Protein chains: 2
Amino acid sequence: MKSKATSFDIAHMAGVSQSTVSRALSDSPLVNKETRERIKKIAQDLNYKVDKNASNLRKQHSQTLALLLFEDPTSDDSLINPFFISMLGSITKATAAAGYDLLVSFQNMKDDWHAVYEDSNKADGLILLGYGSYTDYEYKLSQLEEQGTRFLRWGAPDKKHPGISIGCDNFLGGVEITKHLVSLGHRSFAFIGQADESAPEFKGRFDGFMTVIAQAGFDTSKVVQKNAISTELSGYKAAMEILEGEHPNAIVCASDLIAMGAIRAIRSKGLKVPRDIAVVGYDNIQISQFASTPLTTVHQNTQVAGELLVSNLLKLIHNEPVTDYLMPPELIVRESCGCGFISYKNN
Amino acid sequence: MKSKATSFDIAHMAGVSQSTVSRALSDSPLVNKETRERIKKIAQDLNYKVDKNASNLRKQHSQTLALLLFEDPTSDDSLINPFFISMLGSITKATAAAGYDLLVSFQNMKDDWHAVYEDSNKADGLILLGYGSYTDYEYKLSQLEEQGTRFLRWGAPDKKHPGISIGCDNFLGGVEITKHLVSLGHRSFAFIGQADESAPEFKGRFDGFMTVIAQAGFDTSKVVQKNAISTELSGYKAAMEILEGEHPNAIVCASDLIAMGAIRAIRSKGLKVPRDIAVVGYDNIQISQFASTPLTTVHQNTQVAGELLVSNLLKLIHNEPVTDYLMPPELIVRESCGCGFISYKNN
DNA sequence: CTGAAAGCGCTTACAG
DNA sequence: CTGAAAGCGCTTACAG
């Protein structure tokens, strides 16, 4: 493996200075068209590529973005929430389209993750993605902000949290799906999913849910709420607890994965979905469509979300103003809530 | 945003030379223990991080690996094959565990992807991941090899292809799942999935399938084979074509996604799985377990695969010898083949 | 339009 | 154990 060519080698071969090579290769208008083309030809023949380390060092930026994924600590490696994966896909594309590279990393709370990438100039900005139990990170987020790190969070915008958020309107999503359930005639309800400050996204969905329950004139004190993280198993366990008592007409789950577990629990009791109990999820992951009972759920447009995240982070990097942004959710009605209507919207 | 501290700032504050700071921060045994600790303390207080661009430039390597994902061109962004995602997860973890960063990129054939990362010193090595229609890339792969780029492919090892492969034994997987079907008493078979050189993984599964069919004494010329790429829709369409004729007892699908589509097609004809037609998939993706009819499939251990890919790429980078490696597949029996036995293996 | 030169922030022989 | 110095391969004022 012969050592790689440098701009000096090209310069020598082209009979020009190294500066000119650098300019030519970056399409500077300062260099003569023919010279530029000659240089480019030689560079291509030699399979020369600008050394990013040198170029980044000199330019003091890396042309790369970092994506920090926060997983639920309990979830199995091979069982990453498909919603995040979908986001990963769209973020990757949007990043590439903007001419940036993407560094991906899964984080767990113990790591000294904060700022690492940006401080070491490996990334110009950070995207934080995870079901928002950001309370644990709050200190680190403020630290990031203090240091002037450019970062964006996916999740519920919240004045109390440091940094700028882009997310989907969880409250509205909770409202819409619950309204649908009420309109279908369901009268007693349970909710599965963490519904406190540590999980602002789930909390938003829960709040929307409760608001509709109250508006519809039901006794909110009769609503059962069980905590669960976003896994099938956690949903299964929570649902089993709910089913020990008198079972509700409808169970609203804070995520599709939770809903999958709830459906398994309901079946294990010899009950049928939606005949005995209606179940709805949230996220519109792929499974929700192909599940034994196609799931009524709320779709968050990951395509748009990824583009928004990237374009706004880029603005931040370029010192342009950026504000919180809330995307509208979209109700996807399938069979699990008992209306019999099937939609093949998206995946 | 004040400008970042450099090793010179630390040196100044610690009253030592910049060389000593650099050594201390990289835990060189050459520096006095107390000096080292003093320096580290200061660095931490200042939230100093070594500039990776400078350090990489000097060291002539980047401590990062690049993962190039090749998608089927037709598949929707939000519908990335879950198998790859699972691999992504384990590769990310293994990379981090080895102290490397991971650059992720989705490739499409038009891009001048080859070598970009390694040539520009942004990555020390490449992992190529995709359903192996590597024929299209063959030229580029040879080019990579010629340039001395360190890369590894996920997929079927094949003497005719440039580069080293790590993959799962597709032939054996095809053999096992077909043997299972035969043992269950199925007597007429169809196969859905590209079965030619352009898709060596699917081809391996198909060859294993055909071998068993022949060994079992069935007329191989009666076997129907329809091409399909790894999407639900493609599987659906192929199955619909098959169902126009006399339908087989069992349909072997080259991937779970294809199998999901086949099941939908069968249902749309008013037939039942497995009562009327047995269906099996390949990959053991999450959906295969939660599907309306849990799918009999072949599991590829993505956890081990990711670790193998990373550790072997690292060997390649360190100029240690690396050879092709074939992992054994694992049959997962669920309900879709008609034996009624349910396994909750893994996800 | 072009070239000579400085300098981005490190790591690591080299000398002590 | 420590420091002065070279140099990794670029980009970009500066001067012409």
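Note on naming: letters A, B, ... go to the chains in the order of the sequence lines (proteins, then strands), and numbering restarts at 1 for each one. Everything quoted here is computed from the prediction, not taken from an experiment.
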A.B. asks: Does a side chain donor of either A:Thr92 or A:Thr95 reach within less than 3.5 Å of an acceptor in the other side chain?
C.D. replies: no
A.B. asks: If I pick the P atom on C:dC10 and the same atom on C:dC14, what distance separates them, to the nearest angstrom?
C.D. replies: 23 Å
A.B. asks: Within this structure, what is the CZ-to-C1' distance between A:Phe8 and D:dG7, rounded to whole angstrom?
C.D. replies: 11 Å
A.B. asks: Output the rounded distance in Å from NZ (B:Lys122) to C1' (D:dC8).
C.D. replies: 17 Å
A.B. asks: Using the P atom in both, what is the distance from D:dT2 to D:dA6, to the nearest Å?
C.D. replies: 23 Å
A.B. asks: Contacts to DNA chain C from residues 20-40 of chain B, heavy-atom cutoff under 4.0 Å, which residues?
C.D. replies: B:Ser22, B:Arg23
A.B. asks: D:dG9 P sits how many Å from A:Asn53 CG, rounded?
C.D. replies: 10 Å
A.B. asks: Salt bridge or not for B:Asp324 and B:Arg153, using N-O below 4.0 Å?
C.D. replies: no
A.B. asks: Whole-Å distance between C:dT12 P and B:Leu57 CG?
C.D. replies: 12 Å
A.B. asks: According to a strict under-4.0 Å criterion, is B:Ser55 in side-chain N/O contact with OP1 or OP2 of C:dC10?
C.D. replies: no
A.B. asks: Go through B:Ser90 and B:Gln303 one step at a time and tell me if the side-chain hydrogen bond (donor to acceptor under 3.5 Å, both in side chains) criterion holds.
C.D. replies: CA-CA 5 Å; B:Ser90 73; B:Gln303 202 55 37; 4.9 Å; no
A.B. asks: Give the rounded distance in Å between these two atoms: CD of A:Gln18 and C1' of D:dG9.
C.D. replies: 8 Å
A.B. asks: Does A:Ser17 make a side-chain N or O approach to OP1 or OP2 of C:dT2 shorter than 4.0 Å?
C.D. replies: no
A.B. asks: Decide yes or no for B:Ile39 and B:Ile42: does some side-chain heavy atom of the first lie under 4.5 Å from some side-chain heavy atom of the second?
C.D. replies: no
A.B. asks: Evaluate A:Leu152 against A:Leu316 for side chain to side chain contact (heavy atoms under 4.5 Å, CB included), listing each step before the verdict.
C.D. replies: CA-CA 9 Å; A:Leu152 233 42; A:Leu316 223 45; 3.7 Å; yes
A.B. asks: Quick one: does A:Val322's side chain get under 4.5 Å of A:Ile166's, heavy atoms only?
C.D. replies: no
A.B. asks: Taking Watson-Crick (N1-N3 plus N6-O4 or O6-N4) and G-U wobble (N1-O2, O6-N3), each under 3.5 Å, can you produce the dot-bracket string of DNA chain C? Use [ ] for crossing pairs and | for inter-strand ones.
C.D. replies: |||.||||||||.|||
A.B. asks: What's B:Ser19 touching, base or sugar-phosphate or nothing? Going by heavy atoms closer than 4.0 Å.
C.D. replies: base
A.B. asks: Using whole Å, report how far NZ of A:Lys59 lies from C1' of D:dA13.
C.D. replies: 16 Å
A.B. asks: Nearest whole angstrom, please: distance from the P of C:dC8 to the CG of B:Asp51.
C.D. replies: 11 Å
A.B. asks: Kindly determine whether A:Ser17 and A:Thr20 satisfy side-chain hydrogen bond (donor to acceptor under 3.5 Å, both in side chains), including the steps that lead there.
C.D. replies: CA-CA 5 Å; A:Ser17 74; A:Thr20 301; 3.1 Å; yes
A.B. asks: Take A:Ser62 and A:Asp124 through the side-chain hydrogen bond (donor to acceptor under 3.5 Å, both in side chains) test and state the conclusion after the steps.
C.D. replies: CA-CA 6 Å; A:Ser62 59; A:Asp124 299 333; 2.9 Å; yes
A.B. asks: When you check the phosphate oxygens OP1 and OP2 of C:dG9, does a side-chain N or O of A:Gln60 lie under 4.0 Å from one of them?
C.D. replies: yes
A.B. asks: Specify the separation, in whole Å, of atom CZ of B:Arg58 and atom P of C:dC10.
C.D. replies: 13 Å
A.B. asks: Hydrogens and angles aside, do B:Asn319 and B:Arg150 bring a side-chain donor and acceptor to less than 3.5 Å of each other?
C.D. replies: yes
